[in-house]
Each structure stands twice: as C-alpha cells, then as structure tokens.
Amino acid sequence: MSDIPDRLWIANAWSDAEAGATFATTNPATGEVITQVAEARAVDVHRAVESAREAFSGKAWRQMNPHRRAELLWKLADALEANADELAALETADNGKPYFESRKVDLPSVVENFRYFAGMADKVQGETIPVAGPFFNYTRREPLGVVGVITPWNFPLSLAAWKVAPALACGNCVVLKPAEQTPLTALRLGELAAEVGFPPGVLNVVPGFGPTAGSALVRDPGVDAIAFTGSTEVGRVVMREAADTLKKVSLELGGKSPNVVFADAELKSAVRGASTGIFYGKGEVCAAGSRILVERPVYDDFVEQFAGRARQMTVGDPMDEKTRLGAIVSEEQLERVLGYIEAGKAEGARLVAGGERTTVNGRGNFVTATVFADVEPPMRIAQEEIFGPVAAIIPFDDVDDAVAKANQTIYGLAAGIWTRDVGKAHRVAAEIQAGTVWINTYNQYDSASPFGGYKQSGFGRDLGWESALEKYTQVKSVWVALDR
Ligand code: NAI
Ligand code: MG
C-alpha cells in the first residue's frame, strides 16, 4: 500500500488535529497497527463544518450548473473504480473483511452508487401547483445545506457512499465522520473527490470517536441534518442530541432479521441463502439474517445441512482471495460476540457448529461460524443484535406462528422468506414488519432500491431516488401574483 491517509481532510487539504491528538487503527486479522490517524475533536469538527458552510454559501458549489455536478459525481465514480484494488486492500486491512468482499462486492457497488446518484444530480426538480386565485405557484427542491454523515465500521466505504453520493447530488455539502475502527477509505474518498474537481469544503472527512467528534457534529449549529448508520443505542443518543438545534435526522440502525424457511422451500437454496444471510461480512451486517425460523417438517434436515455448511466455512487470511470468513473488526467486538456465544449456551440453546475463538497464522480476532439450534424467541441470542457470525435457529409450526415469531423483535430492518408457494410468499412479505423483504434470496441491494428500517431499526431510507429527495432536500413553495 502506498500512502496511507492519516490526517483530517478539511477544505481539500490534509491537516492535523488542533490538539495534536491521534489514535491507532488496527488490522484485526493481524493485530498490527496500520497507522496513527489524526483524531478530530469538537474544535476540528467545527472547522470542518465551517468549511462546509463556506462552500455551501459560496458560488462555486451552490451555483454550479447541475450537469457539471453530475459530471463530478461520475468522475468520482471513475476515480473510485480506477483505485478499486487499493481501496479494497485498505478496507480489508482496516476492517478484516475478506478481500473478495471488498473488491468484488463493496467497491463495484460504491462505484455504481456514485453513478446512480450522478444521474440524479441534474434531475432534482420541483412542480407547478394549481392553486386558487390569480396566482402562479411552484415548488423548488433545495438542498438542506450541510449534512453531517456518521458511519459505522462494517461497510466503511459503502455506507459512506450511500449517504455522501445522494447528499452531494442534491447540492448539499458534507462533513463525514467515519467510525474510529475503520477511518481509512473515507479519507481516501475525500482526497479522490478533490482530485476530480470537487470545490474545497464540499466533502470533509473528520475521523474521531463517537462521544467527542460524532457528538460535536450532531450538536454543531452549522449542521442542518444528520444521516447516521450505527447501533440503535447510539441512534437514540443522536436523536436526543440533535433536538437542541432541530436537525433533520435519519437513522439506519440495528437489526435481528428473520430468515423464514417454509417446509415447501427448495431446501438446498434455503440452506445456502440462510448461510450467506448470516455469515457474509462475518455477520457484522445490519441486515444479517441472524434468526433463522424453520418450519417443523424440515427442521431437523435443515439444521443438519446448515450446520454442515457452517463447519465448512473456515476462517482465513482476509487478503487471501479464497477466504470467505474474515476477522472480527476489533477486540471489543470479539468479546461481545464471544459473550453472546456464552449466553446462548447458558440459556440452553443447542450449539451445533462453531462457537470458538480462533486465529489465522497464530493471530487475529477470528470466530468460527457458529450455529445454535432449538433457540427460543425470548433468549438473548434471539433478541439482541450480536453482529458476528452467530446464527440462531428457531422452529415454527405454521404461517401464523412464523409471522408472529418473525415480528417478535424490537427491530424491523430486513427479512427473508423461502417457499415455492408464490401466494404465501407475498402474504408473508406483507405481514412481516421490515423495511426490506427478500423472497428466495437474501442480501440483494441496488442503488435504485430503498433500504432502511421499520420499528427500532430506524427511519429514513438510503438508496433510491425518492429516499434521497426526501432525505437531502427541502421544498420551497413560491407564489407569484398574476394580476399585477
Ligand atoms: P456505534 O453505534 O457506537 O458506532 C457507529 C458510529 O457512531 C461510529 O462512527 C461512532 O463513532 C459513532 N458514535 C458513537 N457514539 C456516538 C455519539 N454519542 N454521537 C455521535 N456519534 C456516535 O456502534 P459500535 O459501538 O461500534 O458497535 C456496537 C454495536 O452496534 C454492534 O455490535 C452492532 O450490534 C451495532 N452496530 C450496528 C450497525 C449497523 O449497521 N446497523 C453498525 C455498527 C454497529
Ligand atoms: Mg481498523
């Protein structure tokens, strides 16, 4: 890897934090420190916000011809594509996810995302409204101003793209606070944006910790909106702290998504799909299908096949292109996951695969693909988001029982349904309280299709045209008298 980005990116320039503070970002597969990164605190975040405000009020960005804005976003997509190998390696080093995922899934989707929203940049338009009286009334779709984006560590570049691309397409300026565990690719994103011609201050990146840098961004009066992805717990804090300045808030939070396997499903695909559903991304996925509900007639068969598949999901060096199960992002997260495995055993669930901490080449934060069967809905491993490669299999009796169990959670992010009965599939899809439902598939995403939560999985949608308009623009109604 060439130059590793390690400072704050403000107004298209690198700078140190005012207090000179830095923090280490670590490769969780080796335990080695990748680099020390400048740590933004409130004063640094404020400097980034001021730079974004200045960019927003200046002419260069605000009055930029929308076709040119589209072109810049497209060029940024090209730059990301041209640097995909480097960015994927950086992401894998920082996060521990398999290079296969970073390079073959994350990066292409990030590029697609910027291209999709590039297409939107010159199509943000208002309406003419038929009002009473001698008046002409029309609406303008205007940007909010400065959008604060706070992202987690599981899909660092993808989740930044999900928010940064539409926010910029709609004409906003952005201050991005990446997760402290994985700040590197976000910094490169800022640098690449400058390289392709984004004016200074339009995209700023300030790595730092949640309670300091993140909280400062949420409280700063110069920020108009917060787009957050992370834990439900922190989502509550963000909403509370944003209240003082009445910021527009959107929250994409945790999940405990059900993957419902009916007895009439094509069992082999269901096993495969449920396996990707929980083990992709080491299970550190907000939409992970962490509760697998299986109809009784095929329950034993499913458990046996699923556990067999899990045992073959061996961990490996994330940089090895064959590796499909990488390293848990941090020591802290590793402890959390192991804690849940202990809780599952203690509560009487039947451990049928994995359940152990392991290493690769004698080091790193790895956990074997873990499967609990005979899980009961009230157990902690069926209620709380684990964010690790741990599946909880729960039996059910019939459609009503499946729906009731699927909805027996505070979360509502996603769900999977496996059946060959088309009518049943759509009936159940309508009954499950979740923002996304996958039928006979799992983990499908597209820049054009909205993604976000019901219930305590949050509100607001990422991706998709309308979600972006709702989230990153405001409507101005303009009245014109026609009789004078
Ligand atoms: P987190 O919610 O603390 O971190 C997400 C982001 O929020 C990070 O950028 C962090 O710095 C920031 N943040 C933290 N406290 C903040 C505050 N007071 N004000 C503003 N920003 C703040 O997530 P954490 O602690 O890293 O992970 C804990 C658990 O959260 C995971 O085990 C998982 O269950 C869940 N999680 C869910 C994610 C999702 O995609 N829905 C992503 C990350 C974590
Ligand atoms: Mg790291």
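When a ligand or atom number is given, it counts from 1 through the structure's own listing order.
With ring centers used as reference points, Tyr445 lies under 6.0 Å from Trp162. Taking the ring centroids of Phe117 and Trp465, they lie at or beyond the 6.0 Å cut-off. Between Phe23 and Phe209, the gap from one ring centroid to the other is short of 6.0 Å. Note: Phe302 and Trp418 fail the aromatic proximity criterion, with ring centroids not under 6.0 Å apart.
At the shortest separation from atom 17 (C) of ligand 1 among protein heavy atoms lies Gly210 O, 3.4 Å. Ser231 CB, 2.9 Å is the protein heavy atom nearest to atom 30 (O) of ligand 1. The protein heavy-atom contact nearest to atom 40 (O) of ligand 1 is Cys286 CB, 3.2 Å. Looking only at protein heavy atoms, the nearest one to atom 12 (C) of ligand 1 is Ile150 CG2, 3.7 Å. Atom 21 (N) of ligand 1 has its closest protein heavy atom at Gly214 CA, 3.7 Å. Among protein heavy atoms, the minimum distance from atom 27 (O) of ligand 1 is reached at Trp153 NE1, 3.8 Å.
The heavy atom nearest to atom 35 (C) of ligand 1, out of those in Gln333, Arg336, Lys256, Glu385, is found in Glu385. Nearest-residue assignment for atom 16 (C) of ligand 1 (options Ile386, Val234, Leu176; heavy-atom criterion): Val234. One option in Tyr411, Phe228, Phe387 has a heavy atom closer to atom 38 (C) of ligand 1 than any other, and that option is Phe387.
Put simply, atom 9 (O) of ligand 1 has protein non-hydrogen atoms near it, under 4.0 Å away. Using a 4.0 Å threshold on non-hydrogen atoms, atom 19 (N) of ligand 1 counts as touching the protein.
If you number the atoms of ligand 1 from 1 as listed, the ones under 4.0 Å from a heavy atom of Ser215 come out as 19 (N), 20 (C). For ligand 1, the atoms lying closer than 4.0 Å to a non-hydrogen atom of Lys177 are 8 (C), 9 (O), 10 (C), 11 (O). Within the listing of ligand 1, atoms 41 (N) sit less than 4.0 angstrom from a heavy atom of Gly254. For ligand 1 and Pro152, the ligand atoms under 4.0 Å from any heavy atom of the residue are 42 (C), 43 (C). Every atom of ligand 1 is numbered from 1 in the order shown, and the set under 4.0 Å from a heavy atom of Thr151 is 6 (C), 8 (C), 9 (O).
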Decide side-chain hydrogen bond (donor to acceptor under 3.5 Å, both in side chains) for Lys163 and Thr229; before the verdict, give the C-alpha distance in whole Å, the side-chain angles of both, and the deciding distance to 0.1 Å.
CA-CA 9 Å; Lys163 299 180 195 308; Thr229 298; 2.9 Å; yes
Let's go through Asp85 and Arg103 carefully: what are the C-alpha distance in whole Å and the side-chain angles of both, what is the deciding distance for salt bridge (charged side-chain N to carboxylate O under 4.0 Å, His left out) to 0.1 Å, and is it a yes or a no?
CA-CA 7 Å; Asp85 290 347; Arg103 182 64 188 86; 2.6 Å; yes
Chi angles and distances behind the salt bridge (charged side-chain N to carboxylate O under 4.0 Å, His left out) call for Glu81, Arg115
CA-CA 11 Å; Glu81 194 167 49; Arg115 290 201 175 125; 2.8 Å; yes
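No option in Ile328, Leu334, Val315, Leu325 other than Val315 meets the side chain to side chain contact (heavy atoms under 4.5 Å, CB included) test with Phe366.
Only the backbone of Leu253 comes within contact range of ligand 1, with a heavy atom under 4.0 Å; no side-chain atom does. For Glu284, no heavy-atom contact with ligand 1 is shorter than 4.0 Å.
A salt bridge links Lys345 with Glu342: the distance from a Lys NZ or Arg NE/NH1/NH2 to an Asp or Glu carboxylate oxygen falls below 4.0 Å. Using a 4.0 Å cut-off between a side-chain N of Lys or Arg and a carboxylate O of Asp or Glu, Lys256 and Glu385 do not qualify as a salt bridge.
Using a non-hydrogen distance threshold of 4.0 Å, Gln181 registers as a contact of ligand 1.
Considering CD1 of Ile386 and OH of Tyr340, their distance stands at 7.0 Å, rounded to 0.5 Å.
Gln456 and Thr232 are not linked by any side-chain donor-acceptor pair at a separation below 3.5 angstrom, with hydrogens and angles left out of the test.
Ligand 1 has a nitrogen or oxygen under 3.5 angstrom from a nitrogen or oxygen of Gly230.
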